[in-house]
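Heads up: numbering here begins at 1 and tracks the sequence.
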Amino acid sequence: MQNRNVFEKDRKYIAHTYHRFPAAIKNGHGAQAEDYEGKKYIDFGSGIGTNSLGFCNSKWVLAVVSQVKQLQHTSNLFYTLPDILLAENLCEVTGYSKVFFGNSGAEANEGAIKVARKYGMEVKGEHCNRIITLENSFHGRTVTTLSATGQDIFHQHFFPFTEGFLYVPANNSHVLHETVDETVCAVMIELVQGESGVNVLKKEYVKEVEQICKEKGILLIVDEVQTGVGRTGTFLCCEQYGIHPNVITLAKGLGAGLPIGAVLMDKLTESILQTGDHGSTFGGNPVVCAGALEVLNQIADADFLADVNSKSEYMRKKLSTLPNITDVSGMGLMFGLSLKKDLKAGEIAKKCVENGLLILTAKEKLRVMPPLNISLAEIDKGLNILKECLSGVLS
């Protein structure tokens, strides 16, 4: 099998919903991958933040393989141990009370939206069903989570969209305060807006959002699909803001490459969803949960997170010195790189991939999200490729 064979079959049989880079990944280990012709890559994308432990982490593989040999799936009409242990560990690590498991970040956000709307109905009446989100937010690809997304570019083609969402500018508590009325049941935010450019919300604003929600008796939902599970240097990004939302959503890095979504609920929200209110055929799958347990074993560790922060500081300093980079945004191992006006992120990213570096974009920026356990040697190797591509040495 050659790369071109993979490309041809993809074009013939896969719906053309993705703009793929010219790389067909065959295997990988840690932060390094290889294509079907033996070309090697350094991974600065980690599957858009999903491969939190890199490719095929040995302990994670053992946990997944051991479970798949024992029980791969049964319906949620029966009890299984892996999802219970995962929920227990998540609650202990985060301080939340209950967990609902789905299969993706979009599903987790759908669950959070249902929690908020039922809460509003029960506490204030059926009129209380609207949710405020931020401009430039991104919450998923389902019709409802697209509706929650505060970007006009996503509000096309698939009409009618789900009603009941209001959008306000980030870092403006005055507008938020004026927008909250008796019809609003929740505010839903990302602390770092990954898809719109790795934009970090101001800490004082986030604290004000939490206070407004408390004063108005509405829920605060934080979408940590991309920022959670150690990505920003603490297990939850919320920890760095000193807040404790009513609902948090997780996905991506929790599964380390297998599909999972989680809705974390506090004491106020833990009992809102009752039997029949929500469900998921594959949610809480034993194999995925066994792998996620190993993710927690490794990432929810003070030394591991300290290492993430150390590598974050190391990378930020080096990224700031690269040619044609005008600004570095982000937190932890989640960076957005602003380019000089005459450079296009997509073109630079394609050049990086062609020269052995897997990297992401976020609108007009390059986006860097390596595995959390990437080595300094791998960081340096990837940065060297990026530097050469930015300087025009590699074509």
Side-chain angles (χ1 to χ4, degrees), residues 49-50 52-53 60 81-105 107-113 115-116 119 139 186-192 194 201 203 206-207 209-210 213-214 219-256 258 260-273 278 283-284 288-309 331-334 372:
T50 57
S52 49
L53 298 176
W60 177 84
L81 190 57
D83 68 324
I84 295 170
L85 293 177
L86 178 59
E88 178 184 29
N89 277 261
L90 274 172
C91 288
E92 289 178 351
V93 167
T94 64
Y96 281 80
S97 302
K98 290 284 194 302
V99 183
F100 173 85
F101 291 119
N103 307 293
S104 67
E107 283 190 31
N109 286 334
E110 288 265 358
I113 289 166
V115 169
Y119 171 85
H139 297 293
V187 176
M188 184 176 185
I189 62 175
E190 302 161 279
L191 299 175
V192 182
L201 297 191
K203 291 187 178 181
V206 173
K207 292 292 287 185
V209 172
E210 183 182 48
C213 289
K214 288 179 179 178
L219 300 184
L220 174 58
I221 302 168
V222 174
D223 175 346
E224 291 227 32
V225 167
Q226 197 163 143
T227 59
V229 197
R231 175 55 57 183
T232 62
T234 48
F235 189 80
L236 295 176
C237 189
C238 289
E239 298 172 50
Q240 301 191 43
Y241 286 82
I243 63 170
H244 192 80
N246 303 108
V247 179
I248 287 179
T249 57
L250 299 175
K252 290 188 181 291
L254 181 60
L258 291 180
I260 191 171
V263 184
L264 306 181
M265 294 161 280
D266 69 356
K267 288 294 183 184
L268 180 63
T269 57
E270 66 173 359
S271 300
I272 291 174
L273 295 180
H278 201 33
V288 178
C289 288
L293 266 171
E294 181 54 36
V295 171
L296 288 191
N297 289 339
Q298 295 189 45
I299 294 179
D301 174 83
D303 291 337
F304 186 100
L305 292 170
D307 190 50
V308 170
N309 285 306
M331 189 183 294
L333 289 177
M334 182 178 181
L372 301 181

**Request:** Going by the side chain to side chain contact (heavy atoms under 4.5 Å, CB included) test, name the single residue among L85, L254, D83 that passes it with C289.
**Result:** D83
**F101: which of L250, V263, L90 passes side chain to side chain contact (heavy atoms under 4.5 Å, CB included)** = L90
Within a strict 4.5 Å, meaning less than it, do heavy atoms of the [X] and [Y] side chains meet?
X    : Y    : result
P245 : V247 : no
V229 : K252 : no
M331 : Q240 : yes
I189 : V187 : yes
K98  : C91  : no
L333 : T232 : no
M334 : Q226 : yes
L53  : L372 : no

Do any N or O atoms from the side chain of [X] and from the backbone of [Y] form a donor-acceptor pair under 3.5 angstrom?
X    : Y    : result
D266 : Y96  : no
E210 : L220 : no
N309 : L305 : yes
E239 : L236 : yes
T269 : N246 : yes
Y241 : L201 : yes

Nearest-0.5 Å distance, [atom1] of residue [X] to [atom2] of residue [Y]:
X    : Y    : atom1 : atom2 : answer
E294 : L86  : CD    : CG    : 12.0 Å
L219 : M265 : CG    : CE    : 11.5 Å
K267 : E270 : NZ    : CD    : 4.5 Å

Please report the shortest heavy-atom distance between [X] and [Y], naming the atom on each side.
X    : Y    : value
N103 : G283 : OD1-N, 3.6 Å
V225 : A251 : CG1-CB, 3.8 Å
W60  : G255 : NE1-O, 3.5 Å

